[in-house]
Structure formats: C-alpha cells, structure tokens
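Everything below concerns the one structure shown next.
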Amino acid sequence: MTIALSLVAAGLVALVVGGDVLVRGAVALAEKAGVSALVIGVVIVGLGTSMPELVTSIEAALAGAPAIAWGNIAGSNIANSLLILGAAALVAPIAIVSRNRWRDPLVALGASVIVLALAASGAGSAPLGLALLACLASYIAYCYREERLARPASVHNAPYDRAQALELTDAHLHDLRNGWAKPILLTLVGLGVLIAGGRMLVLGAIDLARMAGLTETLIGLTIVAIGTSLPELVTSVIAARKGETEVAFGNVVGSNIYNLLGIGGATMLFAPGPIPADLLPVDLGLVATSAAIILGFTLLRGVSRISALALLAGYAAYLAYLVSNA
C-alpha cells in the first residue's frame with residue numbers, strides 16, 4: 001500500500017512539474033521560431049496544459065485500465081466545472097461580457113452530450129476516436145480563423161483564455177526567448193517527466209485500487225482526476241485574483257472541451273472499446289449537467305460568490321456520494 005501511494009504521489013508531482021516545464025519550453029520555442037501568438041495560444045498552450053490528463057489517460061488505456069482513463073476524463077471535467085470554477089468565482093465574482101460568450105460553453109455541452117451518447121450506446125472504436133479528434137481540430141481551426149479576422153480584442157475564445165491564464169501565472173515566460181538551448185531542453189525534459197509521471201501515477205493507481213478493494217473508475221474519478229486538474233485550479237484562481245475573471249472562466253471551459261474531444265478521442269484511438277458503463281448514469285450525467293450549468297451562467301452573464309459556494313457544495317456532495325458508494 002505504501003509503495004502504491006508513493007507512486008501516485010510521485011506521479012502527480014511529476015505531471016504537474018512536467019506539464020509546466022513542457023508548456024514553457026514549447027511556447028518559448030514557438031516564439032523563437034516566429035510562430036504567431038494565435039497558434040501558440042490555440043494549439044501549443046491549449047494542448048500543452050492538457051498534457052497531464054492526456055498522458056495519464058493514454059498510459060492507463062495502454063496499461064489495460066480504460067476505467068482509469070475515462071474516469072480521469074469525466075472526473076477532471078466535473079472538478080473543472082464545480083471545484084475549479086467555484087474556487088475561482090469565490091476569489092472574485094466572474095463577469096462574462098464578451099460578445100461570443102455562448103459559443104465555447106455550447107461546444108463543451110455538445111461534446112458532453114456526444115460522449116454521454118457514446119457511453120449509453122456502448123459504442124467505441126478507433127474511427128470514433130478519430131472523429132472526436134476531428135471535432136476538436138475543427139473547433140481549433142474555427143477559433144484560429146476567428147482571431148485571424150482581427151475581431152476586437154474583447155472577443156474571447158477558450159484557447160485564447162487558456163493562453164492568457166498561463167501568461168498571468170508565469171511572469172518570466174518570455175525570458176526564455178534568448179537562445180535555443182534552454183527552450184529545447186525544457187521541452188524535452190518536460191515531456192520526459194510527463195511520461196514518467198503518467199506511468200507512475202497509473203501503476204500506483206491500479207495497485208491502490210486492487211489493494212484497497214476500490215474500482216479503477218473510482219480511483220480515476222477522484223485521485224487521478226483531482227491531481228491532473230491541479231494546474232487548472234492554480235491558473236484559474238490566479239487569473240481571478242488578478243481581475244481576469246473571464247479568462248478564468250474560459251480556461252475552465254477550454255479544458256473541458258480539450259478533455260472530452262482531445263483526450264477522449266486519443267483514449268478511444270489508442271484503446272478502442274466502449275466507455276466504461278459504470279460511469280453511467282451519475283458521472284457522465286453530471287459532466288453534461290455541469291456543462292449545462294456553465295452555459296446557464298452565460299445567460300446570467302457571470303458567476304456570483306453565492307453561485308460559487310453552490311458549485312463547491314455540489315462538488316463536496318459528489319465526493320461524498322462516491323465515498324458512500326465505494
């Protein structure tokens with residue numbers, strides 16, 4: 001048991017550190033190469049900040065533990081929508097004022113419904129995984145095209161907000177522009193630490209589930225999901241503290257989209273098969289419900305502190321439910 005817990009703890013630390021180092025190195029490399037800020041924000045930062053969840057889910061799928069992989073995806077989205085958004089709005093009430101405020105929450109809700117439908121139908125194959133990845137690629141292309149049309153700066157999209165959140169949490173990011181060696185080294189080291197961390201976390205989680213008599217799905221929904229969501233918690237709370245509340249909101253929504261379409265698609269591609277049935281109806285149902293709640297906040301044009309407390313209470317109730325049914 002001690003070894004399993006140590007592997008989980010070490011894996012989580014490695015994922016957080018490796019993901020941070022990888023994104024810094026990749027952004028610095030892109031800037032050195034003259035890649036546009038749009039591509040950096042939409043692709044490099046967006047995908048890079050989802051690497052802890054991606055590496056963990058793929059490692060779990062390849063290790064023959066798809067329940068951990070899909071539990072991580074569902075659990076990360078629930079943590080994003082209830083825990084992280086609630087914590088950010090508790091720090092500073094979130095105002096949602098951009099013109100296209102509906103689009104990204106609608107995409108997140110649509111992705112939630114698609115994954116819920118796939119789970120309910122028992123469908124799961126490599127072509128379906130590619131289809132999910134194609135949906136993400138189309139979304140990214142649309143966001144990129146929107147920014148290329150030189151819309152007003154006040155028009156947000158979720159990948160852009162994720163890039164802004166990174167900028168707010170890393171004041172020294174652009175200091176890496178000088179020279180090629182350091183960005184390359186950071187990128188390679190970050191990737192290596194991420195892969196090692198994902199492997200340790202999955203191996204430890206599998207052993208922990210077996211020894212504690214818990215399901216792999218439960219481990220994925222709780223320990224793995226919360227651990228891989230820690231970077232999102234930090235960036236969203238810091239963004240909120242600095243008054244960039246809409247950036248914090250977009251960071252959460254963007255993470256949810258990347259998790260469902262990107263990580264879900266990659267998991268299904270590497271480990272074709274149906275989504276674990278024990279995620280139905282509660283867990284994936286809560287993923288879709290929380291996505292609908294977030295869409296509702298756009299109607300209210302913000303998230304108040306009272307709403308934040310309700311979100312946090314909802315997450316606490318969900319964890320209590322999981323523990324009581326373990």
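Below, all heavy atoms of this structure are taken into account, side chains as well, without hydrogens, waters or symmetry copies.
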Could you check whether any side-chain heavy atom of [X] comes within less than 4.5 Å of a side-chain heavy atom of [Y], counting everything from C-beta outward?
X: Ile114; Y: Leu118; result: yes
X: Leu269; Y: Leu133; result: yes
X: Leu83; Y: Leu312; result: yes
X: Leu295; Y: Trp102; result: yes
X: Leu311; Y: Ser81; result: no
X: Asp283; Y: Trp70; result: no
X: Leu221; Y: Leu279; result: yes
X: Thr298; Y: Phe249; result: yes

Using every non-hydrogen atom in the two residues, find where [X] and [Y] come nearest and quote the distance to one decimal.
X: Pro93; Y: Ser304; result: CB-CA, 4.5 Å
X: Ser112; Y: Ala288; result: CB-CA, 3.8 Å
X: Ala67; Y: Glu216; result: CB-CB, 4.0 Å
X: Ala61; Y: Ala69; result: N-CB, 4.2 Å

Atom pair [atom1]/[atom2] of [X] and [Y] - distance to nearest 0.5 Å:
X: Ile294; Y: Leu106; atom1: CD1; atom2: CG; result: 12.0 Å
X: Leu62; Y: Ser57; atom1: CG; atom2: OG; result: 10.5 Å
X: Ile263; Y: Leu132; atom1: CD1; atom2: CG; result: 12.0 Å
X: Tyr139; Y: Ile257; atom1: OH; atom2: CD1; result: 3.5 Å
X: Leu280; Y: Leu116; atom1: CG; atom2: CG; result: 6.0 Å
X: Thr267; Y: Ile58; atom1: OG1; atom2: CD1; result: 6.0 Å

Margin query: Can you confirm whether more than 12 heavy atoms, excluding those of Leu130, are under 6.0 Å from its CG atom?
Written below: yes
Item checked: Other residues, nucleotides, ligands: >12 heavy atoms within 6.0 Å of Leu309 CG -> yes
Has the side chain of [X] got a donor or acceptor atom that lies under 3.5 Å from a matching backbone atom of [Y]?
X: Ser76; Y: Ile73; answer: no
X: Arg305; Y: Val91; answer: yes
X: Ser307; Y: Val303; answer: no

Item checked: Partner residues of Val55 under the side chain to side chain contact (heavy atoms under 4.5 Å, CB included) criterion, sequence neighbours left out -> Met51, Glu59, Leu194
Notebook entry, point to check: Testing Leu85, Ile94, Val253 for side chain to side chain contact (heavy atoms under 4.5 Å, CB included) with Phe297, which one passes?
Noted result: Leu85
Next item on the list: Test Val287 against every option in Val115, Asn77, Asn256 by the side chain to side chain contact (heavy atoms under 4.5 Å, CB included) rule and name the one that passes.
Entry: Asn77
Item checked: Stepwise side chain to side chain donor-acceptor pair (under 3.5 Å) check, Ser255 with Asn80 -> CA-CA 8 Å; Ser255 178; Asn80 283 342; 2.9 Å; yes
Next item on the list: Verify whether one side chain among Thr217 and Asp278 offers a donor that lies under 3.5 Å from an acceptor in the other.
Entry: yes
